[in-house]
Amino acid sequence: KLNTLNRKIIEARDIGLIQAKALPQLLQYPSISVDPIIAIMGISYTNIDLTAEHQVKAHLHNNKKNGLEAWISNGQHYLESENCPFCDQSLKDVELIQAYRSYFNLEYKRLKSDVAQLEKLINNACSDSIIGSLKSQFEAANATIDSWQQHLEVTRPAFNEEEARRALSNIRHILETLKQDKESNLLEAVSTVEQLKKLDDEWQIIINITQSCNNIIENALQQIMQYKQSLINLNIEQLEQQITELNFAKIRFRPDVVD
């Protein structure tokens, strides 16, 4: 009991420093944005002929000139009639010209550009920084809780980094599979209903890991706040008086004093 009273006196004298100590912070719940990816999966164009692309690519391959594709693409703006703006000959029923018009269709070009962005969108959505940030926050909270262990026993939180990274990896795999499906079926909408359910399940694993960690941090915060409140009621004079009384009692019951 004497040790307890002496410890309380020390704490009462250091109350200012103790009250000013940092408190553990809850982990911020992460977010993931797959809406732009899913939106691209839903795009479909029925008025674009993939055969046109093959024809144009073959023509470009047979006439290897730097900037030829851009030159032909820009030239589409001058095709205001059925005659060639360069030689004034009729372009009616010229198959390659029809292929140009389909291939260089703005909607088709936009679709190809959007699909080309999928890799970047997936990398951003599944960035390692998601788990890295959670881990950093967890380590900071743990370090803060450890600093309170000299005053009271507080349970340390746990963060299942391995499981969280596995879930994020699974999410990347699901999105990569969708990307490959879209690249193989450029003009058709790709169904995402089943994959979205899998994505939600995997993401919920990460949320649950975060929640589990925060539950322990919240309990630690409650313990620390209760402890800090208890310090306010400490009275050094009363504690010293109790120590004095205990010491007198010990002396009174010593064998040499009793005799």
Side-chain angles (χ1 to χ4, degrees), residues 7-8 10-41 117-179 192-234:
R7 179 175 57 79
K8 287 185 176 181
I10 294 173
E11 291 173 341
R13 288 172 177 164
D14 293 339
I15 187 171
L17 293 174
I18 295 174
Q19 294 286 6
K21 287 186 67 170
L23 297 174
Q25 301 296 309
L26 296 174
L27 275 58
Q28 294 182 355
Y29 286 95
S31 61
I32 187 171
S33 176
V34 298
D35 289 347
I37 300 171
I38 301 304
I40 293 174
M41 296 300 148
Q117 291 296 313
L118 284 173
E119 187 68 29
K120 180 180 179 181
L121 291 172
I122 292 173
N123 286 337
N124 289 340
C126 303
S127 171
D128 287 339
S129 63
I130 294 175
I131 308 303
S133 176
L134 287 174
K135 182 181 179 182
S136 295
Q137 295 175 64
F138 158 73
E139 290 175 343
N142 240 352
T144 304
I145 288 175
D146 284 344
S147 72
W148 284 94
Q149 299 289 2
Q150 60 179 305
H151 305 296
L152 70 164
E153 186 176 344
V154 186
T155 302
R156 302 173 83 246
F159 177 69
N160 195 332
E161 180 184 357
E162 182 179 353
E163 186 176 358
R165 290 194 181 278
R166 182 166 52 249
L168 188 62
S169 177
N170 290 340
I171 290 173
R172 174 181 287 277
H173 176 72
I174 293 169
L175 294 175
E176 288 284 0
T177 300
L178 284 173
K179 169 179 169 289
T192 59
V193 176
E194 183 178 346
Q195 287 79 359
L196 278 175
K197 176 63 170 62
K198 293 179 180 178
L199 283 173
D200 288 341
D201 290 344
E202 294 295 338
W203 185 249
Q204 191 59 47
I205 290 174
I206 296 176
I207 296 300
N208 290 343
I209 290 172
T210 306
Q211 179 68 62
S212 177
C213 190
N214 277 343
N215 287 342
I216 298 176
I217 295 175
E218 285 180 342
N219 289 335
L221 273 168
Q222 290 180 6
Q223 287 180 262
I224 293 170
M225 295 306 296
Q226 290 172 1
Y227 166 73
K228 290 176 68 173
Q229 184 63 37
S230 70
L231 295 181
I232 298 176
N233 301 321
L234 291 180

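Side chains included, hydrogens not; waters and symmetry mates left out as well; all remaining heavy atoms used.
Remark: Asp128 pairs with no residue by the salt bridge (Lys or Arg N to Asp or Glu O under 4.0 Å) rule, at least two apart or across chains. Checked against side-chain contact (heavy atoms from CB on, under 4.5 Å), Asn208 has the following partners two or more places apart in sequence or in another chain: Gln204. Scanning for side-chain contact (heavy atoms from CB on, under 4.5 Å) contacts around Asn215 gives Gln211, Glu218, with sequence neighbours left out. Partners of Lys120 under the side chain to side chain donor-acceptor pair (under 3.5 Å) rule, at least two apart in sequence or in another chain, do not exist in this structure. Evaluation of the side-chain contact (heavy atoms from CB on, under 4.5 Å) rule for Glu163 yields Asn160, Arg166, Ile205, Ile209 as partners, not counting sequence neighbours. In this structure, Asp200 has no salt bridge (Lys or Arg N to Asp or Glu O under 4.0 Å) partners at least two apart in sequence or on a different chain. For Ser147, the side-chain contact (heavy atoms from CB on, under 4.5 Å) partners at least two apart in sequence or on another chain are Lys21, Thr144. Under the rule for a ring pair (Phe, Tyr, Trp, His ring centres under 6.0 Å), Trp203 has no partner lying at least two apart in sequence or in another chain. By the side chain to side chain donor-acceptor pair (under 3.5 Å) test, Asn170 is found to be paired with Glu202, residues two or more places apart in sequence or in another chain being considered. Under the side chain to side chain donor-acceptor pair (under 3.5 Å) criterion, Asn123 pairs with Arg172, not counting sequence neighbours. For Ser169, the side chain to side chain donor-acceptor pair (under 3.5 Å) test picks out no residue, with sequence neighbours left out.
In Glu153, the CD atom is not crowded: 12 or fewer heavy atoms of neighbouring residues, nucleotides or ligands sit closer than 6.0 Å.
For the atom pair CG (Asn219) and CD1 (Ile224), the distance works out to 11.0 Å, reported to the nearest 0.5 Å. Residue Ile174 holds its CD1 atom at 8.5 Å from CG of Asp201, rounded to the nearest 0.5 Å. Interatomic distance, Leu121 CG to Leu175 CG, rounded to the nearest 0.5 Å: 10.0 Å. Note that OG1 of Thr210 and CG of Leu27 are 6.0 Å apart. Values are rounded to the nearest 0.5 Å. To the nearest 0.5 Å, atom CD of residue Gln117 and atom CD1 of residue Ile40 are 7.5 Å apart. Atom CE of Met41 sits about 8.5 Å away from atom OG1 of Thr192, to the nearest 0.5 Å.
The two residues Ile130 and Ser31 have their closest heavy-atom pair at CD1-O, 4.3 Å. Minimum heavy-atom separation, Ile206 to Pro30: CG2-CG, 4.0 Å. Taking each heavy atom of Met225 and Leu23 in turn, the nearest pair found is SD-CD1, 3.9 Å. For Asn142 against Pro157, the heavy-atom pair with the smallest separation is OD1-CD, 2.9 Å.
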Could you list the donor-acceptor pairs under 3.5 angstrom formed by side chains in residues 131-139, with sequence neighbours left out?
unit_1, atom_1, unit_2, atom_2, d
Ser133, OG, Gln137, NE2, 3.1
Lys135, NZ, Glu161, OE1, 3.3
Ser136, OG, Gly132, O, 3.1
Gln137, OE1, Gln28, N, 2.7
Gln137, NE2, Ser133, O, 3.3

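Of the possible polar contacts, none joining the Asn214 side chain to the Leu26 backbone as a donor-acceptor pair under 3.5 Å is found.
Between Tyr227 and His151, the ring planes are parallel. Angles under 30° get that label, and only those over 60° would be called perpendicular.
Looking at heavy atoms from C-beta onward, Ile145 lies out of side-chain contact with Thr155 at the 4.5 angstrom threshold. Within the 4.5 Å cutoff, the side chain of Arg156 has no heavy atoms near those of the Ile216 side chain.
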ask   = Should Lys179 and Ile122 be marked as a side-chain contact (heavy atoms from CB on, under 4.5 Å) after you check the CA-CA gap, both sets of side-chain angles, and the distance that decides it?
value = CA-CA 9 Å; Lys179 169 179 169 289; Ile122 292 173; 3.9 Å; yes
